[in-house]
Amino acid sequence: MRIFIANLMLAFLWALMTGEFTVGSLGVGFVFGYVLLWFIQPLIGKSVYFAKMIQIISFLIFFIKELIVANLRVAWHVVTPSSFFKPGIVAVPLEEQSDLEATLLANVLTLTPGSFSVDISADRRTLYVHVMDVDDPEETRWELKEQYEKRLLEVLR
Amino acid sequence: MTLLLADFDLVGFVSTLSMNVMAVAMLFSLVRLFRGPSVPDRVIALDLIAALSVGIIAIYSIGNDEPMLLRAGIVVALVVFIGTVAFAMFVEKRGRE
Amino acid sequence: MPAAINEIIACVFILAGTAFSLVAAVGIVRMPDLFTRMQAAAKTGTLGVGCTILAVAIYYADPGVATLAALVILFLFLTNPIAAHMIARAGYFAGVPIWEHTVVDELKGQYDKQTHTLKASDGTGALSDPDASGPGPQPPASEP
């Protein structure tokens, strides 16, 4: 976390020096800061930060891919007759997680193929998800947990 | 041939075409807005209309070279989010109609 | 002068965004019940508008516009699913009928009508039905 703040400060410094506060300059500053911190790693000690960054980027790529697949699937569902649908609401048991993690998970599920989070139980241990194609509720549950919850928690923790 | 290609206004053509398609999409969501059997159905139709208007604002901004219009898009998106949440709370309090 | 490369990319994004928006609109008319409609509107609506905003950022290739666009996209991706989820929840709570061909509905009977709170499903995600306490796949509760 400390290294992340240092990296943000480097990005900020870069933006100050170039004289423009935009996503572009902050992003460039962030990348340069990241490379710099990578090089001085022996001085500041090993940190999970560097591995984390790669995880975050790979998760983002995975998410964008899933988003496009989701949209193509909705398009497919729109053109096929509705007698092919097998929708259902499935209860997905969750790991212990914070508000932010639960919110992000619900959002990610809503934007990824076939699933749409309807509500979360009051104790935050069960997420009710509307799924477009339920062949077997157990399998769907397992798939959602494996695919999205595990990956997201891996990135966030 | 090359002359024809050089004169072809790609951005103008695409933005006009998209604008028309967006208008058709808006008509479809209007159908749902009028027909929707329950209040939540109408709310999602309204939500989609708002999203489409943000899209139309973006396309208009490209077609007419006015980058400032993006700010209008931000305002629409913000206000509509609040509106949808308020609607959802209202539906939950009052029940189906 | 032939079109610049950023114009071409922007046009591709506009067309993609428009296509997705159209899919969302057709989906919202064609889908059988509130939840399937939400699936269509939440996913394709978000990506459709996101694509057009991205096209604006690419077309102008200007840092200020790009910052604004990034802000809009971030905001859109955070709030759109939340809004959809709130309507779906309110709709289910208010008793909007779910499509009769829905295969399984594990949310049924989990709401407390008085306090507006939602129970957790018990353990393996089995239905709250006392008969269905054993683990393993549930028989689909569909009607013919």
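Naming: A, B, ... by sequence-line order, numbering from 1 per chain.
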### Message
Can you tell me which portion of C:Asp62 sits under 4.5 Å from chain B's heavy atoms? Options are side chain, backbone, both or neither.
### Response
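C:Asp62 has no heavy atom closer than 4.5 Å to chain B.
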### Message
So for C:Ala69, is it side chain, backbone, both, or neither that comes closer than 4.5 Å to the heavy atoms of chain B?
### Response
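C:Ala69 touches chain B through backbone and side-chain heavy atoms alike.
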Between the side chain of [X] and the main-chain N/O of [Y], is any donor-acceptor distance below 3.5 Å?
X: B:Arg42; Y: B:Phe34; result: yes
X: B:Ser18; Y: B:Ser15; result: no
X: B:Asn64; Y: B:Tyr60; result: yes

### Query
If you take all heavy atoms of C:Val29 and B:Arg32, which pair is closest and at what distance?
O-NH2, 2.8 Å
### Task
Determine the minimum heavy-atom distance between B:Pro67 and C:Val65, stating which atoms define it.
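Closest pair (atom of B:Pro67, atom of C:Val65, distance): CB-CG2, 3.7 Å.
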#### Entry: Rounded distance [0.5 Å steps], CD in C:Gln39 versus CG in C:Asp33
9.5 Å
Mind ranking [options] by heavy-atom pairs under 4.5 Å with chain C and telling me who comes out on top?
options: B:Leu78, B:Ile59, B:Leu52; result: B:Leu78
options: B:Ile74, B:Val24, B:Asp41, B:Leu17; result: B:Asp41
options: B:Leu48, B:Ile44, B:Val85; result: B:Ile44
options: B:Thr84, B:Ile62, B:Val21; result: B:Ile62

### Query
Among C:Ala41, C:Gly91, C:Gly45, C:Ser21, who wins on heavy-atom pairs under 4.5 Å with chain B?
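Of C:Ala41, C:Gly91, C:Gly45, C:Ser21, C:Ser21 has the most heavy-atom pairs under 4.5 Å with chain B.
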